[in-house]
Amino acid sequence: MRLSRYFLPVLKETPAEAQIASHRLMLRAGMIRQQAAGIYSWLPLGLRVLRRIEQVVHEEQARAGHIPVLMPTLQPADLWRESARYDDYGQEMLRIRDRHERDLLYGPTNEEMITDIFRAHVGSYRDLPLTLYQIQWKFRDEIRPRFGVMRGREFLMKDGYTFDIDREAALHAYNRHMVSYLRTYERLGLTAIPMRADSGPIGGDDTHEFLVLAQTGESEVFYDDRVTALKLGSRDIDYDDRAGVADVCREFTSLYARTDETHDPAAFEAVPEAQRKVGRGIEVGQIFYFGTKYSEPMGATVATPDGTRVPVHMGSHGIGVSRLVGAIIEASHDDRGIVWPEGVTPFPVGVVNVKQGDIAADSTCAGICNALAARGLEPLYDDRDERAGAKFATMDLIGLPWRITVGPRGLATGKVELSCRRTGHAEDLTPEAAVARVVQIFGHG
Ligand code: ATP
Ligand code: MG
């Protein structure tokens, strides 16, 4: 992508309304524009990151055997009357009336609708287990939308719903989700710690939240520091192996890690003092097992092998897709701007031409861009007629993890510079070697 033809409305000034780094940087880097309190347009750079996160979420859900669907944002109120949540949900629910005086709502979550789909089409234990999920916009009329996309009113969520014949099978679905979420967050460059949580208006017994440690997080967290070192890494997971999946969950939930809602001071005291940490965290996901809370009132039953009908056991599992954009920036930025992890970066590499119009520099840049694009790595090429310093500042602000800098001085000895945004480390390489390195880093061999 040539920057001269792109739409990247970066701001020079620091927006006064933004209180935390991720909000400031998303506005400054031209990723989003606020249209109303807690409601945002996603501009091209922001949209690229959002789409990358969605892609990672989809891939990890597919790996776990979960099936994508797409439900509407608007829902009939009658479905929510069946579960009695239409009245319970309160002011966070945006209620709408259509021209025929029918009550609708903009979905804050989808348990009722998915239960309706299930009861219409599934009737036997033979069709189980089943997990359906979507990535769809939600609306919650938050009393205090703030911190940009972190606490929006309209926000993008991955919400998955599990259907199983009994509690034991449903808990396997719960564990499968925990592991698939751990993988997802790791691929996004994040350490997200599962913490036992309160179930709130979704209801249920078993629930964990996933928290990314950050000083600007809204939740107070108490944890054993050793939990931050746990990694799934590249280990193979067989999602059908109940015992194996449960072992992974045990590994990640045995050390103390709680939010203020579930904190147990006595149990915390048992953690060795040197490992005891109190901090703040951003909730980037939550998993729930809630049994028959919706299937019973809504009549979602399945036939068992002996012919009787039982309400299906359900769980619901959410990832805050749009909040993750902010959370990743909170976890990865410096005073010059964003530092994208390779797994979500909007472009893998920036190409900076320090002397636009110089024949050798122009043609070397073009060659590098073509070679990268041929390997499936589309660079952002700053071909504007700007000073080198301004180009570097833009690249630093938007946070591409790698930069190839091309100028007449280096080209005199046949070299360009490959530099790393995170470490600042720079190396002079031939254009071919620089491309090969980037290809290697992104594993596009
Ligand atoms: P919170 O406690 O932060 O209000 P929640 O527990 O009500 O969130 P869930 O119902 O668990 O939210 O939704 C699943 C995920 O959706 C959350 O873990 C969070 O990452 C994301 N999310 C929830 N509310 C918002 C919001 N207002 N803006 C952006 N993301 C949100
Ligand atoms: Mg939650």
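As the structure lists them, so they are numbered: ligands from 1, and atoms in each ligand from 1.
- Annotation: Glu142 places an N or O atom under 3.5 Å from an N or O atom of ligand 1; distance criterion only.
- Distances below 4.0 Å separate heavy atoms of Val284 from the following atoms of ligand 1: 18 (O), 20 (O).
- Look at Glu342 and Arg187 and you find no salt bridge, because none of the NZ, NE, NH1 or NH2 atoms lies under 4.0 Å from a carboxylate O.
- Between Arg176 and Asp240 there is no salt bridge, since none of the side-chain N atoms of the basic residue sits less than 4.0 Å from a carboxylate O of the acidic one.
- A salt bridge links Arg85 with Glu112; the closest basic N to acidic carboxylate O contact falls under 4.0 Å.
- Taking every non-hydrogen atom of Gly285 and a distance limit under 4.0 Å, the qualifying atoms of ligand 1 come out as 18 (O), 20 (O).
- Under 4.0 Å is where a charged nitrogen must lie from a carboxylate oxygen, and between Arg81 and Asp87 no such pair does.
- Evaluated by nearest non-hydrogen atom to atom 12 (O) of ligand 1, the leading choice among Gln286, Lys138, Arg140 is Arg140.
- Checking only distances, Glu218 never comes within under 3.5 Å of ligand 1, N or O to N or O.
- Using a cutoff of 4.0 Å between basic side-chain nitrogens and carboxylate oxygens, Asp159 and Lys138 are scored as salt-bridged.
- Within the listing of ligand 1, atoms 13 (O), 14 (C), 16 (O) sit less than 4.0 angstrom from a heavy atom of Met157.
- Of all the heavy atoms of Arg153, none lies under 4.0 Å from any atom of ligand 1, so neither backbone nor side chain is involved.
- Classification of Arg276 and Glu269 as a salt-bridged pair holds, one side-chain N sitting under 4.0 Å from a carboxylate O.
- Contact annotation: Val149 has at least one heavy atom less than 4.0 Å from an atom of ligand 1.
- In terms of polar-atom proximity, defined here as any N/O pair under 3.5 Å, Phe288 makes no such contact with ligand 1.
- Looking at Arg323 against ligand 1, only its side chain comes within 4.0 Å, counting heavy atoms.
- Note: no N/O pair closer than 3.5 Å links Glu209 and ligand 1 by distance alone.
- In this structure, Glu154 does not pair ionically with Arg140, as no charged nitrogen and carboxylate oxygen lie closer than 4.0 Å.
- Within the coordination shell of the Mg ion (ligand 2), defined by N, O or S atoms under 2.8 Å, Glu283 is present.
- Contact analysis puts Met150 in contact with ligand 1, with a non-hydrogen atom separation below 4.0 angstrom.
- Using a 4.0 Å cut-off between charged nitrogen and carboxylate oxygen, Lys391 and Glu386 do not count as a salt-bridge pair.
- Ligand 1 lies less than 4.0 angstrom from a heavy atom belonging to Gly152.
- Contact annotation: Thr109 has no heavy atom less than 4.0 Å from any atom of ligand 1.
- Look at Glu218 and Arg151 and you find a salt bridge, because one of the NZ, NE, NH1 or NH2 atoms lies within 4.0 Å of a carboxylate O, short of that distance.
- Salt-bridge annotation for Arg196 and Glu261: absent, with no side-chain N of the basic residue lying under 4.0 Å from a carboxylate O of the acidic one.
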